[in-house]
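Here the structure comes first, spelled out in structure tokens, and everything after it is commentary.
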Amino acid sequence: MEKVDTLIIGAGVVGLAIAAKLSHSRSVIVIDKESRVGEHTSSRNSEVIHAGIYYPYGSLKHQLCVRGKALLYTHCEQLNIPFHRLGKFIVATNAEEAQSLEQIKTRAHANSVTDIDFASSKTIVQQLSHLKIHSALFSPSTGILDSHQFMLSLIAEIESNGGIVATQSEFMHAQQLGSDFIVALRCNGEQFEMGCSQLINSAGLNAPDVLNKITGDSNKAIAYYCRGRYYRYQGKHPFQQLIYPLPNTHGLGVHATLDLAGQLKFGPDTDYIENIDYQFDDSQKARFVAAIKRYWPTLDESRLTADYTGIRPKLSKEKQSDFVIQFEATHGISGFVNLMAIESPGLTASLAIAEYIEQRL
Ligand SMILES: Cc1cc2nc3c(=O)[nH]c(=O)nc-3n(C[C@H](O)[C@H](O)[C@H](O)COP(=O)(O)OP(=O)(O)OC[C@H]3O[C@@H](n4cnc5c(N)ncnc54)[C@H](O)[C@@H]3O)c2cc1C
């Protein structure tokens, strides 16, 4: 039976970032059940480098987003991964919402995101005249990146350190024997076993199921799936920065984002679903259009075309939760790290999540 120091379940951006970090000091393998890496949430997001504005002070989301943003910009600069620090406006459409902007600014400053401030009326006239807004905050350190190039750079780092990225390799179950784990995998229909001393669950939407298989408790964690749709806007448009409405309980609101080619898209909305299903339900388009028209009333909705969906990994339907990163002290299994609910800003935070885990192993 083959053995590695660390086996990571899930080759999304977070699993790859952890594998890349650990590959400098130990042998690693990162496995994924799909035929390519990053096929799930890591390919179905807004590709925004978040500043760290909204998250409760001291939360993992706050700390790892702010640290991750710095690490990610440096990583992109050093490895020539396409990115653009284009900035984002958070807009209030009336006086009541403007009060929430004040609270967002206060929280951002507490989170050390001190570059955020109210946009001047001159800026609003010059840059946001197409929008119907009361006031806006501007975050200059928010940006966008090519997340696929980023994942490829992580694979290159893993492999140049002798690590392995194994696709079509599904985690089935694991058993702890002494200080090692015996992990059962299914690869191309065949089952085989692999040994490791550290096991990391970074299985994204499936992370609660993987945890339950490792603990043997089928009710320990329950996964909730919150799907969001993206519509692409066809044709010329006036947007030069990202435009976000006020956040809500389940997400950051239907925002306007640009990709590196300047293509405008809107999304994601929120819809709880029972299973992992990326089907695009176009029947609710009116609700989506209404959300955009709150800040861009002249939107020509005939230019919106269905694009893709992404699913947020949630642990509750009711309340916002922090990232969950658990070590032995929480679950009692030595050598096991369990990650769950790594929703937004997980892409931004990925390098900081890897650093956080390395420091604690
Ligand atoms: C709609 C949406 C928009 C977002 N926008 C942003 C954004 O703009 N900026 C930002 O910072 N973050 C954003 N996020 C969050 C970000 O995309 C995620 O936090 C991040 O991609 C999570 O990566 P991951 O590796 O944890 O999960 P995933 O990418 O889902 O990877 C998990 C992997 O585990 C594999 N897997 C599952 N089960 C098994 C098994 N049994 N065996 C082997 N492999 C398995 C899966 O195939 C998958 O590849 C967004 C998320 C969503 C849903």
Side-chain angles (χ1 to χ4, degrees), residues 7-19 29-52 54-55 61 64-65 68-69 72 88 142-145 147-148 150-151 154 165-174 183-187 199-214 223 225-230 242 244 250-255 257-259 265-271 276 278 307-314 323-325 339-354:
L7 187 147
I8 298 143
I9 306 161
V13 71
V14 174
L16 290 170
I18 298 166
I29 181 167
V30 52
I31 60 163
D32 203 288
K33 63 184 169 59
E34 305 295 347
S35 54
R36 289 188 301 187
V37 305
E39 283 285 277
H40 287 271
T41 313
S42 297
S43 301
R44 295 170 166 276
N45 56 58
S46 302
E47 294 192 295
V48 171
I49 302 176
H50 286 296
Y54 308 98
Y55 317 109
K61 282 186 178 174
L64 299 175
C65 183
K69 170 184 65 172
L72 189 51
K88 93 169 176 187
T142 301
I144 52 174
L145 86 159
S147 58
H148 291 88
F150 174 45
M151 286 192 275
L154 296 171
V165 180
T167 52
Q168 297 189 70
S169 304
E170 182 175 3
F171 169 85
M172 305 304 290
H173 53 84
V183 179
L185 307 175
R186 187 165 58 202
C187 309
L199 181 61
I200 301 181
N201 174 16
S202 183
L205 295 164
N206 296 105
D209 303 337
V210 167
L211 173 68
N212 293 343
K213 283 179 182 160
I214 291 169
Y225 309 118
C226 183
R227 187 169 63 194
R229 295 171 298 166
Y230 287 87
L242 311 179
Y244 278 62
H250 309 292
L252 295 182
V254 174
H255 44 265
T257 54
L258 298 162
D259 66 18
K265 67 185 174 201
F266 291 92
D269 56 357
T270 53
D271 181 19
I276 300 171
Y278 294 111
D307 201 356
Y308 63 95
T309 62
I311 304 176
R312 304 166 184 86
K314 299 275 189 186
F323 292 156
V324 171
I325 306 179
L339 291 89
M340 295 190 298
I342 310 294
E343 54 173 336
S344 188
L347 170 62
T348 310
S350 55
L351 295 174
I353 293 174

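Note that these values count all heavy atoms, side chains included, but never hydrogens, waters or copies made by symmetry. FYI, the numbering just counts along the sequence from 1. Whatever order the structure lists ligands and atoms in, that order sets their numbers, starting from 1. Everything numeric in this text was worked out from a predicted model, so none of it was measured.
Atom CD1 of Ile9 and atom CG of Leu199 lie 4.5 Å apart (nearest 0.5 Å). The line from CD of Glu170 to CZ of Arg186 is 5.0 Å long, rounded to the nearest 0.5 Å. The SG atom of Cys226 sits 7.5 Å away from atom CG of Asp271, with the distance rounded to the nearest 0.5 Å. For the atom pair CD1 (Ile144) and CG (Leu258), the distance works out to 6.0 Å, reported to the nearest 0.5 Å. Note that the OG atom of Ser46 and the CG atom of Leu347 stand 9.5 Å from one another [nearest 0.5 Å].
Residue contacts with ligand 1, taken as heavy atom pairs separated by less than 4.0 Å, involve Ser169 solely via the backbone atoms N, CA, C and O. Using a 4.0 Å cut-off between heavy atoms, Asn45 contacts ligand 1 through both its backbone and its side chain. Contact annotation: for Pro268 versus ligand 1, heavy atoms closer than 4.0 Å belong to the side chain alone. Using a 4.0 Å cut-off between heavy atoms, Ile311 contacts ligand 1 through its backbone alone, with no side-chain atom that close.
Within the 4.5 Å cutoff, no side-chain heavy atoms of Leu16 are placed close to those of Phe150. Side chains of Gln168 and Ser35 form a contact here, defined as non-hydrogen atoms less than 4.5 Å apart. Side-chain contact between His148 and Glu47: present, with at least one pair of heavy atoms (C-beta onward) separated by less than 4.5 Å. Contact annotation: the side chain of Lys61 approaches that of Glu343 to within less than 4.5 Å [non-hydrogen atoms, C-beta and beyond]. The shortest side-chain heavy-atom distance between Pro208 and Met340 falls under the 4.5 Å cut-off. Looking only at side-chain heavy atoms (C-beta outward), Arg44 and Thr309 come within less than 4.5 Å of each other. Within the 4.5 Å cutoff, no side-chain heavy atoms of Val48 are placed close to those of Lys88. Between Leu7 and Ile31 the shortest side-chain heavy-atom distance falls below 4.5 Å.
Test Tyr225, Tyr278, Tyr308 against His40 for ring pair (Phe, Tyr, Trp, His ring centres under 6.0 Å) and you get one pass: Tyr278.
Between the choices Tyr225, Tyr230, Phe323, the shortest heavy-atom distance to atom 3 (C) of ligand 1 belongs to Tyr230. Taking each of His40, Arg36, Arg44, Glu343 in turn, the one with a heavy atom nearest to atom 52 (C) of ligand 1 proves to be Arg44. Comparing heavy-atom distances from atom 51 (C) of ligand 1 across Thr167, Thr41, Ile18 singles out Thr41 as nearest.
The nearest protein atom to atom 41 (N) of ligand 1, hydrogens excluded, is given as Phe171 O, 3.4 Å; this is a heavy-atom distance. The protein non-hydrogen atom at the shortest distance from atom 19 (O) of ligand 1 is Ile342 O, 2.6 Å. Considering only non-hydrogen protein atoms, atom 37 (C) of ligand 1 sits nearest to Asn206 OD1, 3.2 Å. Looking only at heavy atoms of the protein, atom 36 (N) of ligand 1 is closest to Lys33 CE, 3.9 Å. Here the protein heavy atom with the shortest distance to atom 13 (C) of ligand 1 is Ser344 OG, 3.6 Å. The nearest protein atom to atom 29 (O) of ligand 1, hydrogens excluded, is given as Ser42 OG, 2.5 Å; this is a heavy-atom distance. Considering only non-hydrogen protein atoms, atom 35 (C) of ligand 1 sits nearest to Asp32 OD2, 3.2 Å. Among all protein heavy atoms, the one lying closest to atom 10 (C) of ligand 1 is Leu347 CB, 3.4 Å.
The distance criterion of under 3.5 Å between nitrogen or oxygen atoms is met by Val48 with respect to ligand 1. Looking at Gly38 next to ligand 1, no N or O pair under 3.5 Å apart turns up. Checked against a 3.5 angstrom limit, the closest N/O atoms of Gly204 and ligand 1 fall outside it. Between Ala11 and ligand 1, not a single N/O pair is under 3.5 Å apart. Residue Glu39 has no N or O atom closer than 3.5 Å to an N or O atom of ligand 1. The shortest N or O to N or O distance between Leu205 and ligand 1 is not under 3.5 Å.
In this structure, Met172 falls outside the shell of residues with a heavy atom less than 4.0 angstrom from ligand 1. The closest approach between any non-hydrogen atom of Ser202 and ligand 1 is below 4.0 Å. Look at Gly68 and you'll find every heavy atom at least 4.0 Å from all atoms of ligand 1.
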